[in-house]
Amino acid sequence: MDYIKIESKWRKKWEAEKIDSFDKSRTDKKKYVLEMFSYPSGANLHLGHWYNFGLTDVYARLLRMQGYEVFQPMGFDAFGLPAENYAIKTGIHPKDSTEKNIRTMEGQLRNMGASFDWDYEIKTCEPDYYKWTQWLFLQLYKHGLAEEKLAPVNWCPSCSTVIANEQVVDGCCERCGSVVVRKEMRQWFLKITKYADELLEGLDKIDWPEKTKTMQRNWIGKSQGGEVEFDLVGGGSFKVFTTRADTLFGCSYVVLAPEHPLVDKITTDKQRAAIEEYKVRAAQQSDIDRTSTVKEKTGVFTGAYAINPINGRKVPVWVADYVLATYGTGAVMAVPSHDTRDFEFAQKYGLPIERVVASADGSNDDLPFTDYGVAVNSDFINGMKTSDAKTAILERLAQLGKGGAKTTYRLRDWSVSRQRYWGAPIPIIHCPHCGIVPVPEKDLPVELPYDVDFHPSGKSPLAGKESYINVKCPKCGGDAKRDPDTLDTFVCSSWYYLRYPNATNAEKAFDTAWTDKMLPVDTYVGGAEHACMHLLYARFITKALRDMGYLHFDEPFTKLVHQGTILGPDGKRMSKTRGNIINPDDYVSVYGSDVFKMYLCFAFSYTEGGPFSKDGIPSIAKYLDRVERIVTKSIEGKGVKPADGKKVAELEYAVNYTAKCCGADIGNFSFNTAVARLMELTNAMYKYDVADSALFAASETLIKLMAPIVPHIAEELWERCGHTASVLKEKYPECDEKKLIKSEIEVPVQLLGKFKGTVMIAPDADEATASAAALKFLGLESAKKVIYKTGKIINVIA
RNA sequence: GCCCGAAUGGCGGAAUGGCAGACGCGACGGACUUAAAAUCCGUUUGUGGCAACACAGUGUCGGUUCAAGUCCGACUUCGGGCACCA
């Protein structure tokens, strides 16, 4: 078959007929199938795009044939650093390069033959999209979910911008790999931490891969423990957070983070110089140095003392950078006997180490002992199990007014200010009189000016654009300045799935009633690398918008599927440096998109991925040629009455068995087994090998069954079978269970659990019949016991 | 260090606790052909045997069960995530 020719023929026809258009009147049957939209970085679609979009399209086409009204849009996550970095290198404006890349990718996506409805296309870099990103930001601001604060941020010196916690990988910038440093800056934050608990609980209600849910759980990092307030000798107090309140009697010193505001106040004159020096050193360190676990712990005594509220003991106050300012209260109680870090520190600086927990069975007396056990040397909790002791201590602290139960989270607020050009401008005006003034909604969008010097200078590029930055205050009319930063691109992508069904709405970001009908996304497919970024942000934004009354559902993505990673032929991750990158175009241009997609279906377990092997592609073409031959043969026998009833029954069994499995497999993203079943049916048809109406009927079913995977080829063969309407409008074949009933079935016989052979019995044979057949087969008179699982197995215990 | 996954022929990969290796690639054999390609039909986990067959076999070691690739416990290796989170 000339696949290329066939594809262009049908593609033209489908586009002219708008066969993939979403029918708004059928929302009762809607399925919102969404692939994570792509970043238009390179000029071409890569293998990952094909694997994600192409195969999800197979799933979408199945749903359509099953009678659902599928909404499957496509668009581009078009803002972001790569386009800007590319511009800095080449001088080509990010807008120009992005638009060019989008045009190329649109063309390729159309050639993929995927059933996207392009009427709903969105591009996040266009004013009619980012207008609503800005609107979203303003709503968050109005509802107290966006705030500007001075905070330590992750600064990438190479990208000259702040990046989010989630974008720091091993202490380095996720984008460029530079070592990230810590910097105090005024930044906009979205208060995702307000939703920490709900983001955690919501995970139980959604059909997502367990692994991804676990990653989000760990990222949110809920930690239940307690707060303990220590009074300072000489006045004042501070709190520490602990998950091991039961060890409070073993606390021999306390430690503040170098950035803790109390440090300056309590440091004695004698210690001041040493503390100052230590603070400077700590500030200079990058996160990667500072959080290195191999590094020896360091710290300095402040000269101050605090009182342990549980026993009135005076303990020294130290400063050490192993305590993080950004977690808990930025201060810890040190119990060297039961915490490895405190132990190491105490040993180095000669601080007391006193055991207060013993192992329950007395087996382990090494320190530090970090397991749970039984309290010792701890006054009123002596003998209590760790969990009880925790409660007892926290209750006592509550009575004393010195603390109590407390929960903390690892999750931090989401920093969204970026000192870069190619993003959505933050719609805020800073007025010397009125302070922070949001841009009035009627003035949106705040348009991103084209002519800007975006070379890195350590300052936001927009700050240098006078005509942009200088503005009148909307409140008092006086001179004011725009916020010079742009929003993290993850803000753009945190709500795009809401915009798709509303893509043409010029009045609103999205219409509430319509969005409630169309959302949540039924099936969302994309890479697992977004587990703690996009997928968490999107959930947060959905919940925030719900609380503002703009929508009425809790979770944006009901079911989530991650495609696996396709590796290079060498079994390693594809990369330019390894030179093992596979370009799909090399194969698509020869074999066409159907063959290539079917190869991707067949060669991998979808969620696992695996190494690419070009040998599999011609074998799929060979298979489809084989299909063409048997279909052609069957057409000749269209009106011929079948002669052999038994053979027909066998063929019909194969047809119905395939129908039963194929749809279910595609529905489960088990594309490889779906293709295997199609191949089995084809083999059965070759075995049947008589050109008659039974073979023709099998052909028609086979074509329908394979239509979601190879739509062009199926359409061509369907036409050859004499049909004028599209096969894609056919109902997906269902299994006729009656055709699967056989008069006799083959049942395996085991002797003492060991397979010995099979016997033929009626499918509804009772245990006695089955048992007798098995004994006869084994040549036995009797058996101690026979286990018969109907239709499955007969196990004889002799 | 902690938390997840995964491990099955020469290869990609299948198997609701019930015949391990579906389906395909590769390899080998046969048919067709002057020949080759293409096609069609076989064989293909290992060991022993002419054979029927026997034994072994899903990373390792134990366990539960009539029955374990699948469940439980301990470990090994690889992949992913988190990591001085108190």
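Not measured: the values here are computed from a predicted model. Every chain is numbered from 1, with letters handed out A, B, ... down the list of sequences. The figures that follow rest on heavy atoms only: side chains count, while hydrogens, waters and symmetry mates do not.
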> Start at the 5' end of RNA chain B and walk down; is the nucleotide closest to A:Glu608 or to A:Val675 reached first?
Replying inline: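 Result of the comparison: A:Glu608.
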> Toward the 5' end of RNA chain B, which comes first, A:Thr673 or A:Pro748, by nearest nucleotide?
Replying inline: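 Of the two residues, A:Thr673 wins.
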What's the gap between [N] and [M] when it is taken at their [atom1] atoms, as a whole Å value?
N     : M     : atom1 : value
B:C23 : B:G1  : P     : 45 Å
B:A36 : B:U45 : C1'   : 34 Å
B:A20 : B:C3  : C1'   : 32 Å
B:A6  : B:U70 : C1'   : 14 Å
B:C11 : B:A27 : C1'   : 11 Å
B:G12 : B:A22 : C1'   : 13 Å
B:U58 : B:A51 : P     : 25 Å
B:C78 : B:A83 : P     : 23 Å

Between [X] and [N], does any side-chain N or O lie under 4.0 Å from OP1 or OP2?
X        : N     : value
A:Lys754 : B:A56 : yes
A:Thr326 : B:C85 : no
A:Arg629 : B:A38 : no
A:Arg677 : B:A14 : no
A:Tyr327 : B:A86 : yes

Have a look at [X] and say if it touches a base, only the backbone sugar-phosphate, or nothing, with a 4.0 Å heavy-atom cut-off.
X        : result
A:Asn795 : base
A:Asn683 : sugar-phosphate
A:Lys789 : base
A:Glu210 : nothing
A:Gly616 : nothing
A:Ile797 : sugar-phosphate
A:Gly791 : nothing
A:Lys622 : sugar-phosphate
A:Ser223 : sugar-phosphate
A:Arg217 : nothing
A:Tyr686 : sugar-phosphate

> Does any N or O in the side chain of A:Asn52 come within less than 3.5 Å of the main-chain N or O of A:Gln563, such that one atom is a donor and the other an acceptor?
Replying inline: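 Checking the backbone N and O of A:Gln563 against the side chain of A:Asn52, no donor-acceptor pair under 3.5 Å is found.
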>> Keeping A:Lys614 on the side-chain end and A:Pro569 on the backbone end, is there a donor-acceptor pair under 3.5 Å?
In response: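 A pair under 3.5 Å: no.
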> Is the gap between the ring centers of A:Tyr253 and A:Phe345 under 6.0 Å?
Replying inline: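 Between A:Tyr253 and A:Phe345, the centre distance is under 6.0 Å.
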> So, do A:Phe490 and A:Trp414 have ring centers that fall under 6.0 Å from each other?
Replying inline: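 Between A:Trp414 and A:Phe490, which both carry aromatic rings, the centre distance is not below 6.0 Å.
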> Can you tell which of A:Ile794, A:Val786, A:Val796 makes a side-chain contact (heavy atoms from CB on, under 4.5 Å) with A:Ser771?
Replying inline: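 The option that passes is A:Val786.
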> Only one of A:Thr658, A:Val627, A:Val675 forms a side-chain contact (heavy atoms from CB on, under 4.5 Å) with A:Met706, so which one is it?
Replying inline: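 Result: among A:Thr658, A:Val627, A:Val675, A:Val627 is the only option passing the side-chain contact (heavy atoms from CB on, under 4.5 Å) with A:Met706.
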> In terms of base orientation, is B:G9 syn or anti, with the syn window spanning 90° either side of 0?
Replying inline: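 In terms of base orientation relative to the sugar, B:G9 is syn.
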>> Looking at B:G5, which nucleotide sits across from it as a Watson-Crick or G-U wobble partner, both distances under 3.5 angstrom, or is there none?
In response: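 Partner of B:G5: B:C78.
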>> Only pairs with both distances under 3.5 Å count, Watson-Crick or wobble alike; so what is the partner of B:A14 in this structure?
In response: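 When the pairing criteria are applied, nothing turns out to pair with B:A14, so the answer is none.
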Distance check needed: [N] [atom2] versus [X] [atom1], whole Å only.
X        : N     : atom1 : atom2 : result
A:Phe755 : B:C53 : CZ    : P     : 10 Å
A:Lys756 : B:A52 : NZ    : P     : 16 Å
A:Tyr599 : B:G13 : OH    : C1'   : 12 Å

> For A:Lys572, does the NZ atom sit with more than 12 other heavy atoms under 6.0 Å from it, leaving out its own atoms?
Replying inline: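 12 or below, so no.
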>> With a 6.0 Å cut-off (strictly less than), is the heavy-atom count around NZ of A:Lys660, excluding the residue itself, greater than 12?
In response: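 Counting other residues, nucleotides and ligands, NZ of A:Lys660 stays at 12 neighbours or fewer.
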Got a donor-acceptor pair under 3.5 Å from the side chain of [X] to the base of [N]?
X        : N     : answer
A:Lys297 : B:C84 : yes
A:Gln750 : B:G18 : yes
A:Arg244 : B:A86 : no

